[in-house]
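Lettering of chains follows the sequences in order, A, B, ..., and the numbering in each one begins at 1. Below, all heavy atoms of this structure are taken into account, side chains as well, without hydrogens, waters or symmetry copies.
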There are 2 protein chains.
Amino acid sequence: MNPQFNKGILEMCVLALLAKRDFYGFELVETISNYTDISEGTIYPLLRRLTQEKYVETYLQESTSGPPRKYYRMTRHGKKFTQELIQDWKNFSANVNKLIHLEV
Amino acid sequence: MNPQFNKGILEMCVLALLAKRDFYGFELVETISNYTDISEGTIYPLLRRLTQEKYVETYLQESTSGPPRKYYRMTRHGKKFTQELIQDWKNFSANVNKLIHLEV
DNA sequence: CACTGTACCTTGCAATGCAAGGTAGTGGAT
DNA sequence: ATCCACTACCTTGCATTGCAAGGTACAGTG
């Protein structure tokens, strides 16, 4: 897979999942990696940025299988942004597909 | 539109067009900009890279409406690469759409 | 002869992702 | 008891890509 495809789209993937329920960082990596490549070195800085931009907020929760998990919960602001981002993605990918199949 | 979406995908757009017929740089900008944002500052360095990687080769042609045009012609190597890239894009975008609509 | 449109190009910056590393907690195997 | 594997968090430095802003040059029009 072209690693450059991920650029900018991973943010949307993370937000799209967090719009459905709370996740902790490691869980996001595991879930997303079933669909596209992602590494921990990508997700943690991304989550920090999303927190700074107030799209999500965090809380800690104990775990029986390791250190405490940092969960991410989406804000109302984040939900709105996510919906716009997904709409942009749909438009974008539709346009790219048109361009690829263009008769020139 | 999220400008990050373009990352890596503009390369595929350029190659997909050049797989159909020869284009000159400025013409590529005009054509692609009907479907997604692109600037000249993006296309010329990209075309240089594609030339260095032997996906395309160039030839000059006089024009009656300005300076000579530099046309880009795809190599066999480039055609093969383009087909793979388009297949990768289809897989990638399908997976992203699955992820977005995932029930979690 | 200035102006507009065409067409080429470069430089410096910003954004994003990744590999490679590090830190800690839990529980099982030796 | 000690080591290992797994979970889970994190940071640093690098590479890639795109863009804005600028520059150069040719042709036709006023």
[atom2] on [Y] to [atom1] on [X], rounded to 0.5 Å:
{"X": "B:Q83", "Y": "B:D88", "atom1": "CD", "atom2": "CG", "value": "12.0 Å"}
{"X": "B:L47", "Y": "B:F23", "atom1": "CG", "atom2": "CZ", "value": "11.5 Å"}
{"X": "A:T82", "Y": "A:E11", "atom1": "OG1", "atom2": "CD", "value": "8.5 Å"}
{"X": "B:E27", "Y": "B:I43", "atom1": "CD", "atom2": "CD1", "value": "11.0 Å"}
{"X": "A:S33", "Y": "A:I38", "atom1": "OG", "atom2": "CD1", "value": "8.0 Å"}

Between [options], which nucleotide gets closest to the side-chain atoms of [X]?
{"X": "A:L46", "options": "C:dA7, C:dG17, D:dT7", "result": "C:dG17"}
{"X": "B:E40", "options": "C:dA7, D:dT7, C:dC8", "result": "C:dC8"}
{"X": "B:R69", "options": "C:dA7, D:dC19, D:dC10", "result": "C:dA7"}
{"X": "A:N6", "options": "D:dT11, C:dG17, C:dG25", "result": "C:dG17"}

Taking atom [atom2] of [N] as reference, at what distance in whole Å does atom [atom1] of [X] sit?
{"X": "A:Y71", "N": "D:dA8", "atom1": "OH", "atom2": "C1'", "value": "11 Å"}
{"X": "B:Y72", "N": "C:dC8", "atom1": "OH", "atom2": "P", "value": "7 Å"}
{"X": "B:R49", "N": "D:dT16", "atom1": "CZ", "atom2": "P", "value": "9 Å"}
{"X": "B:F5", "N": "D:dC19", "atom1": "CZ", "atom2": "C1'", "value": "17 Å"}
{"X": "A:I43", "N": "C:dA19", "atom1": "CD1", "atom2": "C1'", "value": "16 Å"}
{"X": "A:I38", "N": "C:dC18", "atom1": "CD1", "atom2": "P", "value": "7 Å"}
{"X": "A:K70", "N": "C:dA24", "atom1": "NZ", "atom2": "C1'", "value": "14 Å"}
{"X": "A:Y44", "N": "C:dG22", "atom1": "OH", "atom2": "P", "value": "17 Å"}

Counting distance only, does the side-chain N/O of A:N6 pair as donor-acceptor with the main-chain N or O of A:D37 below 3.5 Å?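 Indeed, once roles are kept as given, a pair shorter than 3.5 Å links the two residues.
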Which comes earlier along DNA chain C counting from the 5' end, the contact point of A:P67 or that of A:G41, where each point is its nearest nucleotide?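 Taking each residue's closest nucleotide, the earlier one in sequence belongs to A:G41.
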Distance-only check: which donor-acceptor pairs under 3.5 Å involve side-chain atoms of residues 92-103 of chain B, not counting sequence neighbours?
{"residue": "B:S93", "atom": "OG", "partner": "B:W89", "partner atom": "O", "Å": "3.0"}
{"residue": "B:S93", "atom": "OG", "partner": "B:K90", "partner atom": "O", "Å": "3.3"}
{"residue": "B:N95", "atom": "ND2", "partner": "A:Y35", "partner atom": "O", "Å": "3.3"}
{"residue": "B:N95", "atom": "ND2", "partner": "B:N91", "partner atom": "O", "Å": "3.3"}
{"residue": "B:N97", "atom": "OD1", "partner": "A:W89", "partner atom": "NE1", "Å": "2.9"}
{"residue": "B:N97", "atom": "ND2", "partner": "B:S93", "partner atom": "O", "Å": "3.1"}
{"residue": "B:H101", "atom": "ND1", "partner": "B:N97", "partner atom": "O", "Å": "2.9"}
{"residue": "B:H101", "atom": "NE2", "partner": "A:K90", "partner atom": "NZ", "Å": "3.3"}

Take the C1' atoms of the five end pairs on each side of the helix from C:dC1-D:dG30 to C:dT30-D:dA1, derive the two axes, and give their angle rounded to 10 degrees.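 Both end axes considered, the difference amounts to 10°.
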Any side-chain N or O of B:T64 less than 4.0 Å from the OP1 or OP2 oxygen of D:dA27? no
I want to check one thing: is the phosphate of D:dA8, taken as OP1 and OP2, less than 4.0 Å away from some side-chain N or O of A:S65?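 The answer is yes; a side-chain N or O of A:S65 sits under 4.0 Å from OP1 or OP2.
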Do any of residues 18-31 of chain B sit with a heavy atom less than 4.0 Å from DNA chain D, and if so which?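 Under 4.0 Å from DNA chain D: no residue of residues 18-31 of chain B.
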Please name all residues satisfying side chain to side chain donor-acceptor pair (under 3.5 Å) with B:T51, sequence neighbours left out, ordered by chain then number.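 Per chain and number, B:T51 pairs via side chain to side chain donor-acceptor pair (under 3.5 Å) with no residue.
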Show every ring-ring contact (aromatic ring centres under 6.0 Å, His included) that has at least one partner inside residues 48-76 of chain A, sequence neighbours left out.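 Residue pairs with at least one partner in residues 48-76 of chain A: A:Y24-A:Y71, A:Y55-A:H77, A:Y55-A:F81, A:Y59-A:Y71.
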Give me each pair satisfying salt bridge (charged side-chain N to carboxylate O under 4.0 Å, His left out) with a member in residues 54-72 of chain B, each pair once, sequence neighbours excluded. B:E57-B:R73
